[in-house]
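In this text the structure is predicted, and so the values were computed from the model without any measurement. Nothing fancy with the numbering, it's 1 onward along the sequence. When reading the values below, keep in mind they use all heavy atoms of this one structure, side chains included, and skip hydrogens, waters and symmetry mates.
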Amino acid sequence: MSQGFDPKKHVALNPERVSYTSSTDYPGHFADEDHSWNPAEFKKRLAVRVERISNRSIEFDLVGVDASIANALRRILIAEVPTICIERVYVHNNTSIIVDEVLAHRLGLIPLRVNPAFMDYPDGQPTDRNTIVFKLCAKCERRRNAPKDAKDPAQLYINHEVLSSQLEWVPQGEQSIVMAANPPAPTNPNIVLVKLRPGQEIEIELHAVKGVGKDHAKFSPVATASYRLLPKVILKKEIPPHLADKFQNCFTKGVIKVDPRTKRVSVDESQARRETMSREVYRHPEFEGCVQLARVRDHFLFNIESEGFYPPERLLPEAIKVMRSKIRTLREAAQGLLQDIGVVEDVEMAS
């Protein structure tokens, strides 16, 4: 049998509602228990385990923290980790069917492969320290040797599609030296920006700057950043052998094991993360009182998709770096406040 339900550790998924969703007034603290801060105990509980990683996404477990911490990291990933994006578009010529404003918006959404650490935030005056310059020039022409029966625009025209790969970096100042190893460019060279036909052309200069997602979504370094709590299936009593297969089919494949000989039902804890928590088992009256569905309160399954300069494994450390900066600012403000209070108390005592 699985370990029993514990309101301190689990969130209960009932047939019609979810209960024990909130922790105490002080997260993780309970009456008549000593919860004084202990770094050694925190480190013992804390764990980060990578479950899957690819070129553009990562799945990892964050264990041993409160939901407020996990959600803070998620929000920082979306809104406060800096990236470089196109901010200003200077249109010298645009005879395509896309109007200047719409084209500028599309260009702003192109993810760029530029290390934000090399750049400063814009301060009003463009310099080589805060602005990356690109140019985009394309003109559509007919192919003179195109087959007479051709219908594919790629066979009929030159530059019928303008792609992100056609953005040309124009180094400014010392950028040609500092960024020589990794020249600025779109992360995806195959983004279609505009379609042209013979006689149409575009000539544009683009300025990219450093920013964060809370200013505009285009600066967000992630396509998505989400988490869910680890599912837990708790068996409260034995499942009758003749109902074992039906019970197994109420869950995601692999979560419930049935012994082929004895028909004894058990939970494969290593596969619990696959469970969708559909609550299908609650629909069958014969299973009433047999099982409790729950989620582990401090076990977060993160899924992050990178879209920009950062490889997926860099995103969480970057979010932690931002959080540490916020904590440092708050600590300095608190220390300043305490000093001010001390000065006021000294003045009052002297008077």
Given I191, which partner from the list P111, S165, P186 fulfils the side chain to side chain contact (heavy atoms under 4.5 Å, CB included) test?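 Only one option passes, and that is P111.
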Parallel, tilted or perpendicular: ring planes of F251 versus F247, cut at 30 and 60 degrees: tilted
Would you call the rings of F302 and F60 parallel, tilted or perpendicular, where under 30° means parallel and over 60° means perpendicular? parallel
Rounded to the nearest 0.5 Å, what separation is found between the [atom1] atom of [X] and the [atom2] atom of [Y]?
| X | Y | atom1 | atom2 | result |
| --- | --- | --- | --- | --- |
| N94 | L196 | CG | CG | 8.5 Å |
| K195 | I98 | NZ | CD1 | 9.5 Å |
| K43 | L46 | NZ | CG | 10.0 Å |
| K210 | R129 | NZ | CZ | 12.5 Å |
| I86 | L107 | CD1 | CG | 5.5 Å |
| N182 | F309 | CG | CZ | 7.0 Å |

Has the side chain of [X] got a donor or acceptor atom that lies under 3.5 Å from a matching backbone atom of [Y]?
| X | Y | result |
| --- | --- | --- |
| S220 | I78 | yes |
| Q166 | L163 | yes |
| R143 | A154 | yes |
| R228 | R273 | yes |
| D128 | E174 | yes |
| Y282 | L293 | yes |
| Q175 | T131 | yes |
| E275 | T252 | yes |
| R297 | P7 | yes |
| S306 | S57 | no |

Minimal non-hydrogen separation, [X] against [Y], with atom names:
| X | Y | answer |
| --- | --- | --- |
| P221 | L315 | CB-CD2, 4.1 Å |
| E80 | V212 | O-CG1, 3.7 Å |
| C140 | N159 | CB-O, 3.8 Å |
| H160 | P153 | CD2-CB, 3.4 Å |
| F300 | V65 | CE1-O, 3.3 Å |

Between Q271 and R274, does any side-chain donor sit less than 3.5 Å from a side-chain acceptor? yes
More than 12 non-hydrogen atoms from neighbouring residues, nucleotides or ligands closer than 6.0 Å to CZ on R324, yes or no?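 No, not enclosed.
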Cluster partners of I158, using ILVMFWY side-chain heavy atoms under 4.5 angstrom, listed by chain and number? none
Sorted by first residue and then second, give each salt bridge (Lys or Arg N to Asp or Glu O under 4.0 Å) pair with at least one member in residues 82-106; sequence neighbours left out.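 For residues 82-106: E87-K218.
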